2 protein chains.
Amino acid sequence: MKGNKSSNDAKWTETEASTWIGLVQAQQSLIEKVEEELKKKGFPALSWYDVLWELERVENGMLRLNDLGKRVLLDKYNVTRLAQRLEEEGLVERGQCPNDGRGRTASITQKGRKLRKKMWPVYERVVRENFLCKFNKKELKEFKNFIERIQASGLS
Amino acid sequence: MKGNKSSNDAKWTETEASTWIGLVQAQQSLIEKVEEELKKKGFPALSWYDVLWELERVENGMLRLNDLGKRVLLDKYNVTRLAQRLEEEGLVERGQCPNDGRGRTASITQKGRKLRKKMWPVYERVVRENFLCKFNKKELKEFKNFIERIQASGLS
DNA sequence: TATTAATAGTTGCAATTGCAACTATAGTGG
DNA sequence: CCACTATAGTTGCAATTGCAACTATTAATA
């Protein structure tokens, strides 16, 4: 069975390789910069921000852990624990889901809202200066279009 | 000092927000898919692959830990430990750096090369099917161009 | 060259993450 | 209503990561 399908060493073009690597590294280093800046200013990690933001976005500042997890791309066990930590800091309150006996809810507190608000300028600044500012409106739309193509197959 | 600069709540446009979020989520879910697929096939994590690949790329399959770390975007303590684990599995050998008494080297073994080669098709397939295949040549170049703009400010 | 500063790497400890097993509740078909 | 399956969430344990302190060596400089 020698000389079978060459599925074994599919080569990438230079452009393919560097685009993929570039995508990974660019995003990674952007996130790193955000984290670094947040820490430098004494704020908690980005994942905390994400959760607070998702909660603040929704109607009554409350979500089921399950839904929350989907929005922030976290596995359920991580949601459980992140919510615990946030509650310990008084940024979030957990409760029972009214309809569903299994469900737990997390709702953002005043303190949580305040913190998120203070974190935002730091976050926003890093992303603007290292990413958004590199594109004009038209380009940003093109970029968005590209991104959306990737996501299309990425929805769970 | 009320009514000061509105640096506090810089708003993003819809496009800005969804492009940024999209970028983060798209990349994250791509990586996740790769990891998932690797694990499903019984392979080690992507970070192992990255290290093996960087070693295989270079002339004599050997790099200083320091250089290696820069290439795979890992902090030094993580490089140390990843190299240890790889050595324990016989995928890498560590040695002394000839010129510099402080330096340690890592070099890929035959076993390491073999493993990387086996991992590649899995990795390549996920990236092709979920990312590369969404773009034709011209588009990919545009995408690459966009990415490079972000990286421009991102080199340490 | 003695002193000091910088670089490379390692390690202990704490925080985070991932996996797998577990509890509790909901939904479904008989 | 009962058995069975699926879903939501939690938890113990192991692996990984991050931080900070530490050693060893090199580079810089007075």
Side-chain angles (χ1 to χ4, degrees), chain A residues 28-29 31-51 55 62-89 91-107 156, chain B residues 28-29 31-51 55 62-89 91-107 156:
Chain A
Q28 209 168 310
S29 94
I31 293 290
E32 219 164 81
K33 277 181 191 159
V34 174
E35 297 277 18
E36 196 180 314
E37 206 59 31
L38 286 175
K39 176 163 317 166
K40 196 186 294 178
K41 301 263 158 80
F43 289 122
L46 187 52
S47 58
W48 289 38
Y49 181 90
D50 288 339
V51 166
L55 291 176
M62 173 180 298
L63 279 173
R64 289 188 64 156
L65 293 192
N66 197 23
D67 300 331
L68 183 56
K70 281 178 195 156
R71 300 191 191 209
V72 296
L73 251 34
L74 280 180
D75 297 285
K76 53 185 181 172
Y77 44 86
N78 280 327
V79 180
T80 296
R81 294 195 268 222
L82 186 43
Q84 280 170 357
R85 284 174 220 142
L86 288 167
E87 187 171 49
E88 280 164 22
E89 299 296 327
L91 303 166
V92 150
E93 273 169 4
R94 286 185 301 163
Q96 289 291 337
C97 187
N99 326 324
D100 189 334
R102 298 165 299 181
R104 296 318 218 64
T105 60
S107 55
S156 38
Chain B
Q28 208 168 312
S29 93
I31 293 291
E32 218 164 80
K33 276 181 192 161
V34 175
E35 297 278 17
E36 195 180 316
E37 205 59 30
L38 286 174
K39 176 163 318 166
K40 196 186 292 177
K41 300 264 160 78
F43 289 121
L46 187 50
S47 58
W48 290 38
Y49 181 90
D50 288 338
V51 167
L55 290 176
M62 174 181 296
L63 279 173
R64 290 188 62 158
L65 294 192
N66 197 24
D67 300 331
L68 182 56
K70 280 177 196 158
R71 301 191 190 208
V72 296
L73 251 34
L74 279 180
D75 297 285
K76 54 185 182 172
Y77 45 85
N78 281 326
V79 179
T80 295
R81 294 194 267 222
L82 186 43
Q84 279 171 358
R85 285 175 221 142
L86 287 167
E87 186 171 49
E88 280 163 23
E89 299 296 328
L91 303 165
V92 150
E93 273 169 5
R94 287 185 301 164
Q96 288 293 336
C97 188
N99 326 324
D100 189 336
R102 298 165 298 181
R104 297 316 220 63
T105 60
S107 55
S156 37

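Predicted model, so just to flag it, every value in this text is computed and none were measured. Order of the sequence lines sets the chain letters (A, B, ...), proteins ahead of strands, with each chain counted from 1.
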*Asks:* If you look only at pairs with a residue in residues 91-107 of chain A, which of them pass as a side-chain hydrogen bond (donor to acceptor under 3.5 Å, both in side chains), with sequence neighbours excluded?
*Replies:*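 The answer is A:R64-A:D100, A:E87-A:R94, A:D100-A:R102.
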*Asks:* Expressed as a whole number of angstroms, how long is the span from B:W48:CH2 to C:dG18:C1'?
*Replies:*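 Answer to the nearest Å: 15 Å.
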*Asks:* Reading nucleotides 4-9 of chain C from the 5' end, what letters show protein touch, with B for base, S for backbone sugar-phosphate only, - for no heavy atom under 4.0 Å?
*Replies:* ---BSB
*Asks:* Can you list everything that forms a side chain to side chain contact (heavy atoms under 4.5 Å, CB included) with B:E36? Sequence neighbours excluded, please.
*Replies:*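 B:E36 satisfies side chain to side chain contact (heavy atoms under 4.5 Å, CB included) with no other residue.
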*Asks:* Measure the distance from CG on B:L38 to C1' on C:dG18 and round it to the nearest whole Å.
*Replies:*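 Rounding to the nearest Å, CG of B:L38 and C1' of C:dG18 are 15 Å apart.
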*Asks:* List in chain and number order the residues that pass side chain to side chain contact (heavy atoms under 4.5 Å, CB included) with A:Q28, two or more places apart in sequence or in another chain; answer none if no residue qualifies.
*Replies:*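 For A:Q28, the residues satisfying side chain to side chain contact (heavy atoms under 4.5 Å, CB included) (neighbours in sequence not counted) are A:V24, B:L73.
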*Asks:* Starting at atom CD of B:E35, determine the distance to atom P of C:dG18, rounded to an integer number of angstrom.
*Replies:*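 Rounded to the whole Å, the gap is 9 Å.
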*Asks:* Which residues satisfy the side chain to side chain contact (heavy atoms under 4.5 Å, CB included) test with B:E32, sequence neighbours excluded?
*Replies:*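 With sequence neighbours excluded, B:E32 shows a side chain to side chain contact (heavy atoms under 4.5 Å, CB included) to no residue whatsoever.
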*Asks:* For A:N99 and C:dA24, give me the distance from atom CG to atom P, rounded to whole Å.
*Replies:*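 Nearest whole value for this atom pair: 21 Å.
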*Asks:* Measure CG/A:D50 against P/C:dT16 and give the value in whole Å, please.
*Replies:*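 Going from A:D50 (CG) to C:dT16 (P), I get 15 Å.
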*Asks:* Measuring to OP1 and OP2 of D:dG18, would you say a side-chain N or O of B:N78 lies under 4.0 angstrom away?
*Replies:*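 Looking at the OP1 and OP2 atoms of D:dG18, one of them is under 4.0 Å from a side-chain N or O of B:N78.
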*Asks:* Provide, to the nearest angstrom, the distance between the CD1 atom belonging to B:I31 and the P atom belonging to D:dT16.
*Replies:*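 Distance, rounded to whole Å: 17 Å.
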*Asks:* Can you sort out the partners of A:N66 under side chain to side chain contact (heavy atoms under 4.5 Å, CB included), two or more places apart, ordered by chain and number?
*Replies:*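 A:N66: side chain to side chain contact (heavy atoms under 4.5 Å, CB included) contacts with A:K70.
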*Asks:* Give every donor-acceptor pair under 3.5 Å between a side-chain atom in residues 77-85 of chain A and any protein atom, sequence neighbours left out.
*Replies:*
from  : atom 1 : to    : atom 2 : distance (Å)
A:T80 : OG1    : A:K76 : O      : 3.2

*Asks:* Please report the distance, rounded to the nearest Å, between CD in B:Q96 and P in D:dA24.
*Replies:*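 Rounded to the whole Å, the gap is 13 Å.
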*Asks:* Tell me every residue that passes ring pair (Phe, Tyr, Trp, His ring centres under 6.0 Å) with A:F43, counting only those two or more places apart in sequence or in another chain.
*Replies:*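 In terms of ring pair (Phe, Tyr, Trp, His ring centres under 6.0 Å), with neighbours along the sequence ignored, A:F43 is linked to no residue.
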*Asks:* Can you sort out which residues in residues 82-89 of chain A have a heavy atom within less than 4.0 Å of DNA chain C? Ascending by number, please.
*Replies:*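 Those residues whose heavy atoms fall under 4.0 Å from DNA chain C, taken from residues 82-89 of chain A in numerical order, are A:R85.
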*Asks:* Could you grab the distance from atom CG of A:L68 to atom CG of A:D50, nearest 0.5 Å is fine?
*Replies:*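 Output value for this atom pair is 10.0 Å.
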